[in-house]
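This report refers to the structure that appears directly beneath it.
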Amino acid sequence: MNIVGYARVSTRDQNPAAQEAELRAAGAGRVFVDHGESSRVSDRPQWIACLDYLRPGDTLVVRALDRVAGSEVMAIELIRDLARRGIRLRSLTEPFLDVDTSTPMGEAIVGIMAVLAQLRVSTIRDNTRRGLEHARTQGRVGGRPSVMTDERTAAAVQMRGNGDSVAKIGRTLGVGASSVARALDRYYREQLQQTTTNESETTR
């Protein structure tokens with residue numbers, strides 16, 4: 001059984017040395033480190049390498065869950081995916097996460113976490129919707145202007161088509177990877193909707 005560590009810092013200016021030291025002190029023989037990557041993006045280079053390196057029976061140790069998952073939903077999916085692969089997750093600052101998900105009690109704990117996570121997401125979504133509706137009644141439109149201009153979105157689409165990762169696109173364009181991901185998702189949905197509309201008109 002191997003203990004494998006994963007560390008992440010949000011910007012390239014941050015030093016992950018403290019995280020690495022804590023993980024090695026916890027027994028990690030190999031530590032993967034991502035620099036300047038968002039936890040809401042799943043295709044982080046070293047995170048992908050870490051997942052590929054892990055084997056059944058290994059333990060993945062992190063300083064905190066937010067190093068690997070940027071939302072509760074992502075965290076639940078990660079815990080369950082690791083459990084399916086026979087990999088245990090341990091957080092140095094969140095001992096409640098160190099549960100054996102192969103047991104009924106462990107799976108029940110993860111299930112409770114999933115319900116609470118979904119409840120929080122639903123509550124935030126509902127509060128946001130109510131806030132936007134109120135803003136519209138006052139003649140205001142909520143939300144911040146997107147940093148992804150039409151030019152940046154076009155460049156992102158082209159780079160994605162060439163096989164570049166979302167993280168690399170963000171670094172190239174000087175924006176956050178999450179902004180790139182949202183812009184690409186919006187672009188592809190609009191393209192799909194347009195294609196569906198055209199096909200519908202053609203069959204009339």
Side-chain angles (χ1 to χ4, degrees), residues 1-118 120-121 160 163-172 174-182:
M1 181 191 75
N2 294 319
I3 298 178
V4 181
Y6 174 78
R8 180 188 62 81
V9 288
S10 301
T11 68
R12 292 190 171 276
D13 294 333
Q14 290 177 294
N15 189 341
Q19 282 187 60
E20 276 194 82
E22 288 179 299
L23 297 175
R24 292 195 181 279
R30 176 76 181 271
V31 177
F32 294 83
V33 183
D34 269 314
H35 297 76
E37 302 288 346
S38 169
S39 61
R40 291 184 176 275
V41 177
S42 59
D43 61 347
R44 304 182 297 269
Q46 288 303 301
W47 174 236
I48 293 175
C50 179
L51 290 176
D52 185 61
Y53 182 83
L54 288 165
R55 294 291 181 268
D58 288 350
T59 295
L60 172 64
V61 60
V62 295
R63 186 180 188 281
L65 192 57
D66 66 2
R67 297 298 89 194
V68 291
S71 70
E72 291 94 337
V73 174
M74 286 181 65
I76 299 302
E77 292 175 351
L78 169 63
I79 293 172
R80 284 183 165 160
D81 180 59
L82 292 175
R84 283 192 291 267
R85 295 178 55 188
I87 299 166
R88 196 159 183 168
L89 175 64
R90 179 185 169 204
S91 168
L92 299 181
T93 59
E94 299 149 329
F96 65 88
L97 289 176
D98 191 13
V99 295
D100 185 356
T101 51
S102 66
T103 65
M105 179 60 72
E107 179 59 27
I109 292 174
V110 174
I112 293 171
M113 291 170 62
V115 170
L116 293 175
Q118 187 56 50
R120 183 172 182 270
V121 170
R160 192 60 169 165
D164 291 324
S165 69
V166 171
K168 180 179 179 181
I169 295 171
R171 289 194 296 270
T172 302
V175 299
S178 58
S179 296
V180 174
R182 286 193 297 269

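The analysis underlying the following values was restricted to heavy atoms, covering all of them including side chains, and did not include hydrogens, waters or symmetry mates.
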From [X] [atom1] over to [Y] [atom2], what is the distance, rounded to the nearest 0.5 angstrom?
X   : Y   : atom1 : atom2 : answer
N15 : E20 : CG    : CD    : 8.5 Å
I48 : D34 : CD1   : CG    : 8.5 Å
Q19 : R24 : CD    : CZ    : 12.5 Å

List the atom of [X], the atom of [Y], and the distance in Å for their closest heavy-atom pair.
X    : Y    : answer
G5   : C50  : O-SG, 4.5 Å
V41  : S178 : CG2-N, 4.1 Å
G27  : I3   : O-CB, 3.5 Å
W47  : S42  : CD1-O, 3.4 Å
V180 : G170 : CG2-CA, 3.7 Å

Taking C-beta and beyond as the side chain, do [X] and [Y] meet within less than 4.5 Å on heavy atoms?
X    : Y    : value
R85  : L51  : yes
L23  : Y6   : no
V175 : I169 : no

### Residue from R44, R171, R8 passing salt bridge (charged side-chain N to carboxylate O under 4.0 Å, His left out) with E37
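Among R44, R171, R8, the one that satisfies the salt bridge (charged side-chain N to carboxylate O under 4.0 Å, His left out) with E37 is R171.
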
Might you confirm whether atom CZ of R40 has over 12 heavy atoms from other residues, nucleotides or ligands at distances under 6.0 Å?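 Atom CZ in R40 is not packed in, count stays at 12 or less.
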
Excluding sequence neighbours, so at least two apart, what forms salt bridge (Lys or Arg N to Asp or Glu O under 4.0 Å) with D66?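 Not a single residue meets the salt bridge (Lys or Arg N to Asp or Glu O under 4.0 Å) criterion with D66.
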
Check the pair V166, R160 against side chain to side chain contact (heavy atoms under 4.5 Å, CB included), reporting the backbone distance first and the verdict last. CA-CA 7 Å; V166 171; R160 192 60 169 165; 3.9 Å; yes

Name each donor-acceptor pair under 3.5 Å that joins a side chain in residues 54-65 to protein atoms two or more places apart or in another chain, with its distance.
from : atom 1 : to  : atom 2 : distance (Å)
R55  : NH1    : D52 : O      : 2.6
R55  : NH1    : Y53 : O      : 3.4
D58  : OD1    : N2  : N      : 3.0
D58  : OD2    : R55 : N      : 2.8
R63  : NE     : E22 : OE1    : 2.8

